[in-house]
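Scope of the values below: all heavy atoms of this structure, side chains included, with no hydrogens, waters or symmetry mates.
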Amino acid sequence: MTESLNIGSHDLPVTEELAAFMRTGWADTRRTDVAALAVAPWAAKRRAALAGRFPGERLVVPSGTLKARSNDDDYRFRPHSAYSYLTGAGEPGDVLVIEPSGEARLYVRPRSPREEGEEFYRDRRYGEFWVGRRPDLAEASELYQVECAHLRELDLKGPARVLRGVDPSVDAMVDAVVDPRGGDAEFESFLAEMRLVKDEWEVGELQKAVDATARGFEDVVRALPQALGHPRGERYVEGVFGLRSRLEGNAVGYESIAASGAHACVLHWTRNDGALRPADLLLLDAGVESDTLYTADVTRTLPLSGRFSPVQRQVYELVHAAQEAAIGVLRPGARFRDFHLAAMRVICEGLHEWGVLADSPDALMESGLYRRYTLCSSGHMLGLDVHDCARARAETYLDGVLEEGQVLTVEPGLYLQPDDLTLPAELRGIGVRIEDDLVITADGARLMSSALPRHPDEVETWMSALLR
């Protein structure tokens, strides 16, 4: 694999004298205190499981490439989740190769030696003076507990299964596997499916992310008096939560939704440019991503006045009852779709009782008319991705059954559009979602986000205590 410097068009030229001067006079900064990452033994087990699924084949998983935000300014790098899962590493441009023997090797871009080349001070994408220090080969091997080689030694001639679409240069090097079972597509599916059940270490990392998220929600409630006075109060809320995510984790796990008033009826409202009014609700859907890249995903709908109005409470209580019904069916062996159906049954009963839909709950479940007011599913798997394991086959995920160790969200909602003439005027413009993270246990499910209240009375009491 060839290398070239990433030098900006406006960089000053380097004279021979300066280049020679830059190669000398540096202290030895090799690290002797490097310890293996906590994830390393778990990652080794995962690589062994992957090799066992495709015995005698070469398997290639790239970390991914840097992506330009504007001109020569890149987005902050995040490795592909499959690569992170199998290595714990997180540098751009690196590649995991599992040989037909089952032996694994990481091809990495080590830190540039000061005595050779110009990368360390001239390369804007990878130079240490520009973006910080990378481990050298010895440090990388110790950190990840796997053999590491220089990226320039990567040679992928011959057939291999590769996670495609992650690194174009790797795609170009690998000959596709001809396999009636699906070739690279089968490989991609299995990489997702092997993450459906979380190991003990993963559940611990997810719990850390959830706990930090709960503290972020507390921060937001404490900041509401200031946010209510700002013309972009939604941005204020987003910023407060974002600070917690950076202080305790890597970042937010996805773009935060801070939706007040009718904005809460937009399922993925991320503009967050609206004001907050005391008479409205705030729907906050946000999650801290841990330093190990596991994300929480929690939603609370809060009365900005501190207390629900009667009609707000009416809508909220129906969504809460739907969530309670959904959580009640979570257990090993239950179909994945069961909890959504349980929640929607309660929603149908409520809409019928309100007189919004005249048909019986049974008829509504059959016709799907209720979906006008609650379009999306009521939950998803959670892990390294907020919508984790999305490439898994339907028969193992959406049409599969729950297993102990799976982590998922339960998030029913009602989104009563402000211009919907099928609704009474007092209901229009109210959006409510309640979302929690749960891990399937041997006999049910454990609520990982129990630190945040869900019942409307508890929400009001919690907010009152934080706002004192």
Side-chain angles (χ1 to χ4, degrees), residues 204-230 232-261 263-264 269-270 272 274-278 280-291 294-308 312-313 316 319-320 323 327 382 386 407 409-411 413 431-439 446-468:
E205 292 303 296
L206 281 163
Q207 188 63 64
K208 291 176 187 176
V210 171
D211 293 344
T213 297
R215 290 186 283 275
F217 274 74
E218 292 173 355
D219 294 341
V220 165
V221 173
R222 292 190 186 97
L224 283 179
Q226 293 76 33
L228 281 159
H230 197 280
R232 285 189 167 184
E234 291 176 346
R235 293 267 171 101
Y236 201 110
V237 166
E238 178 186 0
V240 168
F241 187 86
L243 176 60
R244 175 65 65 174
S245 74
R246 288 291 281 165
L247 291 176
E248 292 204 40
N250 179 58
V252 291
Y254 52 95
E255 291 295 318
S256 299
I257 298 169
S260 64
H263 290 166
W269 174 263
T270 57
N272 300 340
L276 306 182
R277 298 188 309 158
D280 286 339
L281 298 173
L282 169 69
L283 188 158
L284 177 59
D285 185 335
V288 171
E289 179 184 76
S290 71
D291 289 327
Y294 287 84
T295 185
D297 183 6
V298 175
T299 305
R300 287 295 182 269
T301 305
L302 309 174
L304 287 168
S305 67
R307 299 191 67 83
F308 293 97
Q312 288 170 348
R313 179 176 281 264
Y316 188 98
V319 175
H320 180 258
Q323 192 195 36
I327 291 173
L382 186 67
V386 64
V407 177
T409 71
V410 176
E411 53 169 325
V432 173
R433 177 163 67 250
I434 311 170
E435 180 178 20
D436 284 275
D437 305 338
L438 300 101
V439 57
R446 175 172 65 84
L447 186 62
M448 302 176 75
S449 46
S450 59
L452 291 172
R454 296 184 295 124
H455 189 278
D457 292 343
E458 295 172 348
V459 170
E460 290 178 346
T461 300
W462 172 72
M463 292 184 67
S464 176
L466 291 171
L467 289 168
R468 283 176 187 162

Minimum heavy-atom distance Ala209-Tyr294, with the two atoms named: CB-O, 3.5 Å
Taking every non-hydrogen atom, the tightest pair across Asp285 and Arg433: OD2-NH2, 3.0 Å
Under-4.0 Å salt bridge between Asp211 and Lys208: no
Test log, rule side chain to side chain contact (heavy atoms under 4.5 Å, CB included), inputs Met448 and Leu438: CA-CA 5 Å; Met448 302 176 75; Leu438 300 101; 5.5 Å; no
Closest approach of Ser245 to Gly242 (non-hydrogen atoms, all atoms of both residues): OG-O, 2.7 Å
Beyond-backbone contact of Val220 with Leu284, side-chain heavy atoms, under 4.5 angstrom: yes
Heavy-atom closest pair, residues Leu282 and Ala258: CD1-C, 4.1 Å
Nearest atoms (heavy-atom pairs only) where Glu205 meets Ser290: OE1-OG, 4.2 Å
Residues that Trp462 engages under ring pair (Phe, Tyr, Trp, His ring centres under 6.0 Å), provided they are two or more places apart: none
Pairwise side-chain contact, Pro303 with Asp280, heavy-atom cut-off 4.5 Å (strictly under): no
Residue pair Arg446, Gln207: steps toward the side chain to side chain donor-acceptor pair (under 3.5 Å) verdict: CA-CA 11 Å; Arg446 175 172 65 84; Gln207 188 63 64; 2.9 Å; yes
Nearest non-hydrogen partners of Val386 and Leu382, listed with the distance: O-CD1, 3.5 Å
Residues that His455 engages under ring pair (Phe, Tyr, Trp, His ring centres under 6.0 Å), provided they are two or more places apart: His320
Set of ring pair (Phe, Tyr, Trp, His ring centres under 6.0 Å) partners for Phe308, sequence neighbours left out: Tyr316
Pair listing, side chain to side chain donor-acceptor pair (under 3.5 Å) test, anchored in residues 213-222, at least two apart: Arg215-Glu248, Asp219-Arg244
Side chain Arg277, main chain Ser260, donor-acceptor under 3.5 Å: no
Residue pairs passing the salt bridge (charged side-chain N to carboxylate O under 4.0 Å, His left out) test where at least one lies in residues 455-466, sequence neighbours excluded: Arg307-Glu460, Arg313-Asp457, Arg313-Glu460
Modelled atom types, side-chain donor and acceptor of Glu435 and Thr299, under 3.5 Å: yes
Sub-4.5 Å side-chain heavy-atom contact between Leu224 and Leu466: no
Expected output: side-chain Gln323 to main-chain Val410 donor-acceptor under 3.5 Å: yes
Donor-acceptor under 3.5 Å (Asn272 side chain, Ser256 main chain): yes
Under 3.5 Å: donor-acceptor pair, side chain of Tyr236, backbone of Gln226: no
Asp436 and Ser449: side chain donor to acceptor below 3.5 Å: yes
Partner set under side-chain contact (heavy atoms from CB on, under 4.5 Å) for Thr270, not counting sequence neighbours: Glu255, Ile257
Side-chain donor or acceptor of Glu234 paired with backbone N/O of Gly274 under 3.5 Å: yes
